[in-house]
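Okay, structure first, notes after.
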Amino acid sequence: MFKKLLITSVVALSANFANAEQVTVFAAASMTNALQQVATDYKKQAPQDEIVFSFASSSTLAKQIEEGAPANIFISANTKWMDYLKEKGLTVAGTDKILVGNDLVMIANKDSKTDNVDVAKGEWIKQLDNNFLSVGDPDHVPAGQYMKAATMKLGFWEKIESKLARGKDVRAALAVVERDEVPLGVVYGTDAKQSDKVKVVGIFPTDSYPKIEYPVALLKDHDSKAAKAFFDYLQSDDVKKVFTQYGFSVVK
């Protein structure tokens with residue numbers, strides 16, 4: 001009897017391994033903490049699937065997908081890079097949709113004497129006289145591009161353009177402020193919320209930059225059954241609660 005049960009268990013285990021699939025998600029760096037939590041929760045209901053993430057600037061990820069990186073799902077920090085892949089026919093038609101939203105904030109190291117900054121008035125620029133502002137590189141990082149749009153509308157861009165410490169992605173910009181290497185930085189509200197080494201000292205007026213939206217889509221020729229299942233899970237009420245917990249706004 002014991003031997004029969006053992007054989008049955010081994011056969012079942014082998015079947016599970018045979019059905020196991022890896023789902024590779026390329027996602028904006030600002031989604032790191034939230035998506036790791038989502039994957040942990042998903043594992044409880046789909047233990048046979050392995051969710052693997054690659055976090056970086058949306059532009060970097062989009063270029064890698066264009067070059068043939070075998071990702072199943074792409075989550076961008078703006079619509080620009082999703083549209084870029086759509087135009088090249090690299091997404092599954094009709095699957096792209098807005099997943100979450102975010103906001104733009106100014107941060108300082110938690111031990112900084114700076115507490116309240118009226119971003120729109122621009123007095124904070126004085127702190128950059130002999131220093132730099134940490135940001136995602138506006139040439140390719142969405143967070144930096146939102147920052148550039150905001151400061152252009154507020155009339156500050158020309159004053160700060162030469163004062164930027166340009167990070168490879170928004171998490172790199174956050175890290176510089178965490179290490180107290182610069183007096184101020186600009187990141188998403190969600191990034192600031194996840195760090196106990198920085199504090200929010202100012203909030204950019206929401207009408208000073210384009211609406212921050214994170215689209216998600218399945219990628220062409222990589223839309224496996226497991227990928228579709230996780231893609232659907234990302235839009236579930238359970239996941240919306242996780243995103244809200246991490247500071248994102250969700251599509252109702």
Side-chain angles (χ1 to χ4, degrees), residues 23-43 45 51-62 65 71-86 91-92 94-107 135-136 140-147 149-150 169-174 186-195 198 200 203-219 227-252:
V23 178
T24 301
V25 181
F26 277 23
S30 51
M31 297 206 76
T32 300
N33 301 76
L35 285 178
Q36 287 174 338
Q37 179 63 55
V38 168
T40 297
D41 294 344
Y42 185 68
K43 193 71 175 175
Q45 71 176 51
I51 309 300
V52 177
F53 294 107
S54 178
F55 295 108
S57 167
S58 300
S59 59
T60 297
L61 297 172
I65 292 169
N72 301 98
I73 296 170
F74 177 48
I75 306 175
S76 174
N78 65 7
T79 55
K80 172 185 175 180
W81 290 106
M82 183 63 75
D83 290 343
Y84 178 85
L85 294 183
K86 283 174 61 179
T91 62
V92 176
T95 63
D96 63 294
K97 53 197 66 183
I98 302 302
L99 190 62
V100 295
N102 215 331
D103 58 0
L104 201 64
V105 300
M106 184 166 287
I107 58 172
V135 300
H140 65 91
V141 178
Q145 293 167 344
Y146 289 122
M147 181 279 305
D169 55 44
V170 70
R171 286 302 174 95
L174 175 69
V186 179
V187 298
Y188 296 122
T190 51
D191 296 300
K193 185 174 182 179
Q194 296 311 306
S195 175
V198 303
V200 174
I203 300 175
F204 281 78
T206 55
D207 61 355
S208 67
Y209 56 88
K211 190 175 183 180
I212 301 175
E213 296 178 319
Y214 289 63
V216 59
L218 285 165
L219 296 173
K228 290 178 180 177
F230 187 65
F231 178 78
D232 289 341
Y233 180 71
L234 285 171
Q235 301 163 66
S236 69
D237 289 340
D238 286 343
V239 173
K240 287 180 180 180
K241 291 177 183 177
V242 174
F243 286 146
T244 300
Q245 173 190 339
Y246 280 85
F248 291 97
S249 58
V250 297
V251 178
K252 301 297 183 181

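The structure presented is a predicted model; accordingly, all values stated were derived computationally and were not measured.
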Say whether, by atom type as modelled, one donor and one acceptor occur between the side chain of T190 and the main chain of G247 under 3.5 angstrom. no

V25 vs S54 side-chain heavy atoms within contact, under 4.5 Å: no

Between N33 and Q37, is any side-chain donor less than 3.5 angstrom from a side-chain acceptor? no

Mind checking what makes ring pair (Phe, Tyr, Trp, His ring centres under 6.0 Å) contact with Y233, not counting sequence neighbours? Y42

Might you confirm whether atom NZ of K43 has over 12 heavy atoms from other residues, nucleotides or ligands at distances under 6.0 Å? yes

CZ on F230 to CD on Q235, rounded to 0.5 Å: 11.0 Å

Considering only distance and modelled atom types, tabulate donor-acceptor pairs under 3.5 Å from the side chains of residues 203-215, sequence neighbours left out.
residue : atom : partner : partner atom : Å
S208    : OG   : P205    : O            : 2.6
Y209    : OH   : L104    : N            : 3.2
Y214    : OH   : S30     : OG           : 2.8
Y214    : OH   : N102    : ND2          : 3.1

Taking side-chain contact (heavy atoms from CB on, under 4.5 Å) as the definition, give me every residue that meets it alongside T32, ordered by chain and number, with sequence neighbours left out. Q36, F55, R171

Spatial distance of atom CZ (F26) from atom CG (N72) [nearest 0.5 Å]: 9.5 Å

Which residues pass the salt bridge (charged side-chain N to carboxylate O under 4.0 Å, His left out) test with D103, not counting sequence neighbours? none

Kindly write out the residues that satisfy salt bridge (charged side-chain N to carboxylate O under 4.0 Å, His left out) with K80, not counting sequence neighbours, or none if the list is empty. none

Salt bridge (charged side-chain N to carboxylate O under 4.0 Å, His left out) with K193: which residues, sequence neighbours excluded? none

Sequence-distant partners of T24, side-chain hydrogen bond (donor to acceptor under 3.5 Å, both in side chains), two or more places apart: Q22

Holding to side-chain hydrogen bond (donor to acceptor under 3.5 Å, both in side chains), I want the full list of residues that pass it with D238, two or more places apart in sequence or in another chain. none

Gap separating the CG atom of D96 from the OG1 atom of T79, nearest 0.5 angstrom: 10.0 Å

Nearest heavy-atom approach of S76 to A28 is C-CB, 4.3 Å

Do L174 and I107 come within less than 4.5 Å of each other through their side chains, counting heavy atoms only? yes

One should read off an interatomic distance between Q45 CD and S236 OG, to the nearest 0.5 angstrom, of 7.5 Å

Once side-chain contact (heavy atoms from CB on, under 4.5 Å) is applied, do any residues pair with T91, and if so which ones, sequence neighbours excluded? M82, L85, K86, A217, L219

Listed partners of V135 passing side-chain contact (heavy atoms from CB on, under 4.5 Å), at least two apart: L133, P138, M147, L164, V186

Checking the side chain of S59 only, and the main-chain atoms of V141 only, is there a donor and an acceptor separated by less than 3.5 Å? no

For T60, what residues pass the side-chain hydrogen bond (donor to acceptor under 3.5 Å, both in side chains) criterion, not counting sequence neighbours? none

Qualifying residues under side-chain contact (heavy atoms from CB on, under 4.5 Å), relative to V216, sequence neighbours excluded: I73, I75, K97, L99, F231, L234

